[in-house]
Amino acid sequence: MFELSLCMIVKNEENYLGKCLASVKGIFDEIIIVDTGSTDRTKEIAMEYGATLYDFVWINDFAAARNFSFSKATKEYIMWLDADDIILPLDQERLLNLKNQMPSTVNYVLMPYHCSFTEMGELLDASTRERIVKRSCDFKWESPIHEFIRVDGMFCYCDATVTHTGVNDANEYPYFDMIETQYVSGARDLSVLNYYAEGLVYKQRYEEAVGVFADFFCADGFKTPASVSASISLHSCYVALGDDKNALLALENYMEFCEPRAEIYCQAGFFYRDTLGELDEAIKWFEAAVNCKEPEIAGSIDKRFYFYIPNFELGKCYIKTKRYEEALACFDNALQYNFNYETCLEIRNKIAELIKKTTR
């Protein structure tokens, strides 16, 4: 059995921190919390749960803060969490089992991260993160924003899931100014290129985004988990610019260099149907998405694209081509996933009624 430190960086997290720490009670052998300038009850809550508390003067660098937190750990392995993450009861058991069974030759542990959910509680977005590292390996966090930890050596996968409970504001692109400052100052690593390009898309600066995405892919961006979302965002830039040829090429390039992904197939389906008006071609791509298997380990997966969306959109295409029986089957499949349930059920029932009328 190994001993495990929990390291966290926080600021003004009084609404989340208590729930997070309550969910990990009894798992960790020490809790290190680094506060970067809280003005609420965050520090008080940390102390209530027995955490060792440190202050860190904020320097616009998340990696620096995380590295500082890791430097204070004393146990054999270190795990990190954000304040709005929790460990559910079944995952607590899985994590304790890992502590009892994992050999000391492991350098780091991959764990699933459930990032967001539908209003009905269905998993919407998931990823896999390097969640536990061996302290003696002295792995370092990199990138001031959207930080990541660079690891190597022997690893294992643990199915103890970390669940995100925070609410992301879809109307914001957090820390864009920080990313732009890095880019203007000459930073050109893949993380900066990707997040800056995505920020430019959000700001509707499409021509600039196209150039930065080009740099991202030229710098081996296709080899990263971000290649899926980056390809889709580049595609959307060209659509916004009215460049249909390059919009399609953005998706085709992904298909040439990377593994099959339903997200890409669906984007091709949307483009052929909604932009080019080529329904038969759209059906081909939505059918490919329906049959696409979900990757076992990937950077981030929108679960809707691996069941609900391709069935729902393929059903709509079948309706337009009067293939009602096939459309009904698609909507029945989509209803097994509870996203947008009422709309899906309403369309499904209308199709069923139409089939009855045409077969009388």
Side-chain angles (χ1 to χ4, degrees), residues 60-63 115-116 124-127 142-148 168-277 282 285 289 295 298-302 304-305 309 313:
N60 290 331
D61 192 328
F62 284 93
C115 311
S116 62
L124 183 59
D125 185 34
S127 63
E142 300 180 19
S143 186
I145 188 170
H146 299 295
E147 69 279 15
F148 64 94
N168 297 319
D169 189 343
N171 297 316
E172 295 183 5
Y173 191 85
Y175 312 113
F176 176 78
D177 291 344
M178 285 177 59
I179 300 171
E180 188 163 47
T181 298
Q182 290 181 63
Y183 182 83
V184 171
S185 66
R188 292 297 184 273
D189 61 78
L190 285 169
S191 178
V192 169
L193 290 172
N194 178 48
Y195 287 114
Y196 183 50
E198 294 285 4
L200 290 171
V201 175
Y202 174 78
K203 299 288 185 179
Q204 298 183 10
R205 292 158 58 180
Y206 299 120
E207 292 185 357
E208 293 174 80
V210 165
V212 179
F213 276 127
D215 292 339
F216 170 77
F217 287 117
C218 286
D220 286 335
F222 279 119
K223 296 180 180 179
T224 71
S227 60
V228 180
S229 59
S231 295
I232 293 172
S233 293
L234 178 58
H235 165 80
S236 70
C237 287
Y238 283 124
V239 171
L241 293 169
D243 188 342
D244 292 349
K245 179 180 178 181
N246 280 313
L248 188 57
L249 186 61
L251 302 179
E252 290 176 343
N253 284 340
Y254 178 90
M255 296 177 204
E256 179 179 353
F257 293 109
C258 303
E259 65 177 346
R261 290 292 289 261
E263 299 97 315
I264 298 293
Y265 293 159
C266 283
Q267 289 302 318
F270 289 131
F271 184 66
Y272 276 108
R273 185 189 66 193
D274 302 333
T275 301
L276 300 182
W285 288 111
S300 181
I301 301 173
D302 187 332
R304 295 173 300 174
F305 284 98
I309 287 177
E313 298 299 336

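Along the sequence shown, residues carry numbers from 1.
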Legend entry - Pairs satisfying side chain to side chain donor-acceptor pair (under 3.5 Å), at least one member in residues 222-241, at least two apart: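 Listed by first then second residue: Glu198-Ser233.
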Legend entry - Any donor-acceptor pair under 3.5 Å from Tyr254 side chain to Glu259 backbone: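 Yes, the answer is positive, given that a donor and an acceptor are paired below the 3.5 Å cut-off.
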Inset, instruction - Look only at the side chain of Arg188 and the backbone of Tyr183, and say whether a donor-acceptor pair between them is shorter than 3.5 Å. - result: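 Yes; at least one donor-acceptor contact below 3.5 Å.
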Residues forming a side-chain hydrogen bond (donor to acceptor under 3.5 Å, both in side chains) with [X], sequence neighbours excluded:
| X | answer |
| --- | --- |
| Asn60 | Trp58 |
| Asp125 | Ser300 |
| Asp61 | none |

Inset, instruction - Please report the C-alpha distance between Asp189 and Glu142 in whole Å, then the side-chain angles of each, then the deciding distance to 0.1 Å, and finally whether the side-chain contact (heavy atoms from CB on, under 4.5 Å) criterion is met. - result: CA-CA 10 Å; Asp189 61 78; Glu142 300 180 19; over 6 Å; no
Inset, instruction - Rounded to the nearest 0.5 Å, what's the gap from CG on Asp243 to SG on Cys237? Could you check? - result: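 Reported value, rounded in 0.5 Å steps: 11.0 Å.
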Legend entry - CD1-CG distance between Ile232 and Asp302, expressed to the nearest 0.5 angstrom: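 Ile232 atom CD1 to Asp302 atom CG measures 9.0 Å (nearest 0.5 Å).
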Inset, instruction - Only counting residues at least two apart or in another chain, list the ones meeting salt bridge (charged side-chain N to carboxylate O under 4.0 Å, His left out) with Glu147. - result: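 Checked Glu147 against salt bridge (charged side-chain N to carboxylate O under 4.0 Å, His left out); matches are Arg66.
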Legend entry - With sequence neighbours excluded, residues passing ring-ring contact (aromatic ring centres under 6.0 Å, His included) with Phe176: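 Phe176: ring-ring contact (aromatic ring centres under 6.0 Å, His included) contacts with Tyr196.
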Inset, instruction - Tell me, please, which residues at least two apart from Phe257 pass ring-ring contact (aromatic ring centres under 6.0 Å, His included). - result: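 For Phe257, the residues satisfying ring-ring contact (aromatic ring centres under 6.0 Å, His included) (neighbours in sequence not counted) are Phe222.
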Could you list the donor-acceptor pairs under 3.5 angstrom formed by side chains in residues 205-216, with sequence neighbours left out?
unit_1	atom_1	unit_2	atom_2	d
Arg205	NE	Glu208	OE2	2.9
Arg205	NH1	Glu180	OE2	3.3
Arg205	NH2	Glu180	OE2	2.9
Arg205	NH2	Glu208	OE1	3.0

What pairs of donor and acceptor atoms, side-chain ones from residues 266-277 against any protein atom, are under 3.5 angstrom apart with sequence neighbours left out?
unit_1	atom_1	unit_2	atom_2	d
Arg273	NH1	Glu313	OE1	2.8
Arg273	NH2	Glu313	OE1	2.9

Legend entry - Heavy-atom pair of closest approach, residues Pro295 and Ile301: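 Reported closest heavy-atom pair: O-CD1, 3.7 Å.
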Legend entry - For the student: nearest non-hydrogen atoms of Asn194 and Ala230, plus distance: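 For Asn194 versus Ala230, the nearest heavy atoms are OD1-CB, 3.9 Å.
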Legend entry - Heavy-atom side-chain contact between Pro144 and Phe62 under 4.5 Å: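 No, every pair of side-chain atoms sits at 4.5 Å or beyond.
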Legend entry - Residues which pass side-chain contact (heavy atoms from CB on, under 4.5 Å) with Asp177, listed by chain and number, not counting sequence neighbours: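 Per chain and number, Asp177 pairs via side-chain contact (heavy atoms from CB on, under 4.5 Å) with no residue.
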Inset, instruction - I would like to know whether Tyr195 and Ile145 meet side-chain contact (heavy atoms from CB on, under 4.5 Å); could you show each step before the answer? - result: CA-CA 9 Å; Tyr195 287 114; Ile145 188 170; 5.9 Å; no
